[in-house]
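For reference, positions follow the sequence shown, starting with 1.
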Amino acid sequence: MKRFEVTEIGREPLPAIDLAEDVVVLGSSASARVRLPANVASPAHVRIERGGWVAIDAVVVDGKSRAAGEGGAIGDAIVFELGGYRVRVADAPANAPASSPQRTESLARELVRGLLGAGAAPSFEHVGNGTKRELPPPEAMLVIGRGDEAGWIILDEDLSREHAEIRRGWDGVTIRDLDSKNGTVVDGERIEASVELHDGARIELGNVVLVFRDPAERHLRGEPAPVERPPKPGPLPQPPAPVPSPLPFVIAAAIAGLAAVGLVWVLVA
């Protein structure tokens, strides 16, 4: 079994994943076992099998550029570099359990969050009033309820004081009902145990309806993540019309007055 450690350069490394498959593909497609953002990896970029590797597309291996079609042995460990990401491959520790597909999918989403930047965190939208609540980083928990002990207090009489628990971990985002009075419904089904949430999931807690949003999951599906754009600027205010200056009229009146005086002087003389 091989251990894969994925790191975005300049960031903290993500938890390692241990894979027991005979063939593991590094790439950006949904079928790639170790999935990387599409801006740095081809759909299938590197193929690893039987202790060796083959480059399907150009890649940097242990600091050296290698062309498509080249390959070699993995040895004790090897590092592939694709754009701003490094993937270190080595033997997994003895007796290490194989990582679940959910964990590799979750790690792919976390990599994409770094690519998308601000606003890419998973969140919940309150359908009733349009408020939004982002989830904290992985390995964190949030309790929804109407009591003061809840992390997200929603004042609704049909909610229990501690109604449901949400966890964002390295295996994805899950929700669990906390033996609430009116139960928790996910996509039309009342849940009895912890359930993994996916983008667009509809959660009903009493009279409260929440929708789960995950921009990174939409990106990996090939769908554009919504972008909050600034409001379109309206037309610029027009400057007020200039007020005519009285000076020309004053000058004209003065000239007319002088002419009249001159005419009188000529007639009298």
Student: Check D91 with K2, please: is the shortest side-chain N to carboxylate O separation under 4.0 Å?
Tutor: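 Yes.
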Student: Under 4.5 Å between any side-chain heavy atoms of H45 and V59, yes or no?
Tutor: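 The answer is yes, as the side chains (C-beta and beyond) meet within the 4.5 Å cut-off.
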Student: Where do A55 and A67 come nearest, in terms of heavy atoms and distance?
Tutor: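 Between these two residues, the closest heavy atoms are CB-O, 3.6 Å.
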Student: Looking only at heavy atoms, what is the nearest atom pair of S106 and G172, with distance?
Tutor: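 Looking at all heavy atoms of both residues, the closest pair is OG-N, 3.4 Å.
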Student: Contact between V208 and D158 at the side-chain level, heavy atoms closer than 4.5 Å - yes or no?
Tutor: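 When only atoms from C-beta onward are counted, D158 and V208 do not touch, as no gap falls below 4.5 Å.
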Student: Which atom names give the shortest non-hydrogen contact between E217 and D199, and what distance separates them?
Tutor: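 So the two residues come closest at OE1-N, 3.0 Å.
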Student: Assigning hydrophobic clusters by single linkage (Ile, Leu, Val, Met, Phe, Trp, Tyr; side-chain heavy-atom cutoff under 4.5 Å), is W170 placed with V34?
Tutor: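 Yes, it is one cluster - the side chains of W170 and V34 are joined through contacts under 4.5 Å.
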Student: Calculate, to the nearest 0.5 Å, the distance between atoms CZ and CD belonging to R33 and E105 respectively.
Tutor: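 One finds 8.5 Å between CZ of R33 and CD of E105.
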Student: For residues S194 and E165, determine if any side-chain heavy atom of one lies less than 4.5 Å from a side-chain heavy atom of the other.
Tutor: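 Answer no - side chains too far apart.
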Student: Tell me whether D18 contacts the main-chain N or O of A92 through its side chain, where contact means a donor paired with an acceptor under 3.5 Å.
Tutor: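 Not confirmed, D18 side chain does not pair with A92 backbone.
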Student: State yes or no: do V60 and I74 share one hydrophobic cluster built from I, L, V, M, F, W and Y residues joined by side-chain heavy-atom distances below 4.5 Å, directly or via other members?
Tutor: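 As far as the 4.5 Å side-chain criterion goes, I74 and V60 are not connected within one cluster.
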Student: Are side-chain heavy atoms of R202 and D187 found at a separation under 4.5 Å?
Tutor: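 Touching, per the 4.5 Å side-chain cut-off.
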Student: Testing D179, D177, L178 for side-chain contact (heavy atoms from CB on, under 4.5 Å) with H163, which one passes?
Tutor: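 Only one of D179, D177, L178 forms a side-chain contact (heavy atoms from CB on, under 4.5 Å) with H163, namely D177.
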Student: Within this structure, what is the OG1-CD distance for the pair T184 and E192, rounded to the nearest 0.5 Å?
Tutor: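 Result: 9.5 Å between the selected atoms.
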Student: Compare all side-chain heavy atoms of F124 with those of I166 and state whether any distance is below 4.5 angstrom.
Tutor: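 Yes, close enough: below the 4.5 Å cut-off.
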Student: So does E189 have more than 12 non-hydrogen atoms from other groups sitting under 6.0 Å from CD?
Tutor: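 Count not over threshold, so no.
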Student: Spell out, as yes or no, whether a donor-acceptor pair under 3.5 Å connects the side chain of E134 to the backbone of A121.
Tutor: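 No, because the side chain of E134 does not come within donor-acceptor range (under 3.5 Å) of the backbone of A121.
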Student: Would you compute the distance between atom CG of N182 and atom CG of D156 and round it to the nearest 0.5 angstrom?
Tutor: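 Between atom CG of N182 and atom CG of D156 there are 9.0 Å.
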Student: Determine whether L135 and V173 make a side-chain contact, defined as any pair of heavy atoms from C-beta on separated by less than 4.5 Å.
Tutor: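 Of all side-chain heavy-atom pairs linking V173 with L135, at least one is under 4.5 Å.
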Student: Flag yes if more than 12 heavy atoms outside K64 fall under 6.0 Å of its NZ atom; otherwise flag no.
Tutor: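 No - once you tally the heavy atoms of other residues, nucleotides and ligands closer than 6.0 Å, there are 12 at most.
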Student: To the nearest 0.5 Å, what is the distance between CZ on R133 and OG on S123?
Tutor: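 R133 CZ to S123 OG: 11.0 Å, rounded to 0.5 Å.
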Student: Any Lys/Arg nitrogen of R168 or E110 sitting under 4.0 Å from an Asp/Glu carboxylate oxygen of the other?
Tutor: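 So R168 pairs with E110 through a salt bridge.
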Student: With a 4.0 Å cut-off on N to O distance, would you call D171 and R103 a salt bridge?
Tutor: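 Yes, this pair counts.
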Student: For D76, does the CG atom sit with more than 12 other heavy atoms under 6.0 Å from it, leaving out its own atoms?
Tutor: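 12 or below, so no.
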Student: Between D214 and R113, does the side chain to side chain contact (heavy atoms under 4.5 Å, CB included) criterion hold? Intermediate values first, please.
Tutor: CA-CA 10 Å; D214 191 342; R113 295 194 210 291; 2.7 Å; yes
Student: How long is the straight-line distance from CG of L36 back to OG of S42, given to the nearest 0.5 Å?
Tutor: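 Interatomic distance, S42 OG to L36 CG, rounded to 0.5 Å: 10.5 Å.
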Student: With sequence neighbours excluded, tell me which residues meet salt bridge (charged side-chain N to carboxylate O under 4.0 Å, His left out) with R88.
Tutor: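 Checked R88 against salt bridge (charged side-chain N to carboxylate O under 4.0 Å, His left out); matches are E5.
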Student: Quick check on the hydrophobic clustering: are L159 and V186 connected, directly or via other members, by side-chain heavy-atom contacts under 4.5 Å?
Tutor: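 Same hydrophobic cluster.
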Student: If every non-hydrogen atom of A41 is compared with every non-hydrogen atom of L82, which pair is closest and at what distance?
Tutor: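 So the minimum-distance heavy-atom pair works out to CB-CD2, 4.1 Å.
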Student: Quick one: pull up CH2 in W53 and CD1 in I78 and give me the separation to the nearest 0.5 Å.
Tutor: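 Output value for this atom pair is 6.0 Å.
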Student: For E157 and K181, which heavy atoms make the closest approach, and how far apart are they?
Tutor: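 That would be O-NZ, 3.7 Å.
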Student: For P43, is there any backbone N or O sitting under 3.5 Å from a side-chain donor or acceptor partner on S29?
Tutor: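 Looks like yes, one N/O pair under 3.5 Å.
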Student: Salt bridge check, E81 against R86: does any charged N sit closer than 4.0 Å to a carboxylate O?
Tutor: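 Yes, this pair counts.
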Student: Please examine the side chains of I48 and F4, heavy atoms only from C-beta on, and report whether any two atoms are closer than 4.5 Å.
Tutor: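 Heavy-atom side-chain distance check passes, below 4.5 Å.
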Student: Under a 4.5 Å side-chain heavy-atom rule over Ile, Leu, Val, Met, Phe, Trp and Tyr, are L14 and V79 clustered together?
Tutor: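 Different clusters: L14 never reaches V79 through Ile, Leu, Val, Met, Phe, Trp or Tyr contacts under 4.5 Å.
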Student: In this structure, would L142 and I203 fall into the same cluster of hydrophobic residues linked by side-chain contacts under 4.5 Å?
Tutor: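 As far as the 4.5 Å side-chain criterion goes, I203 and L142 are connected within one cluster.
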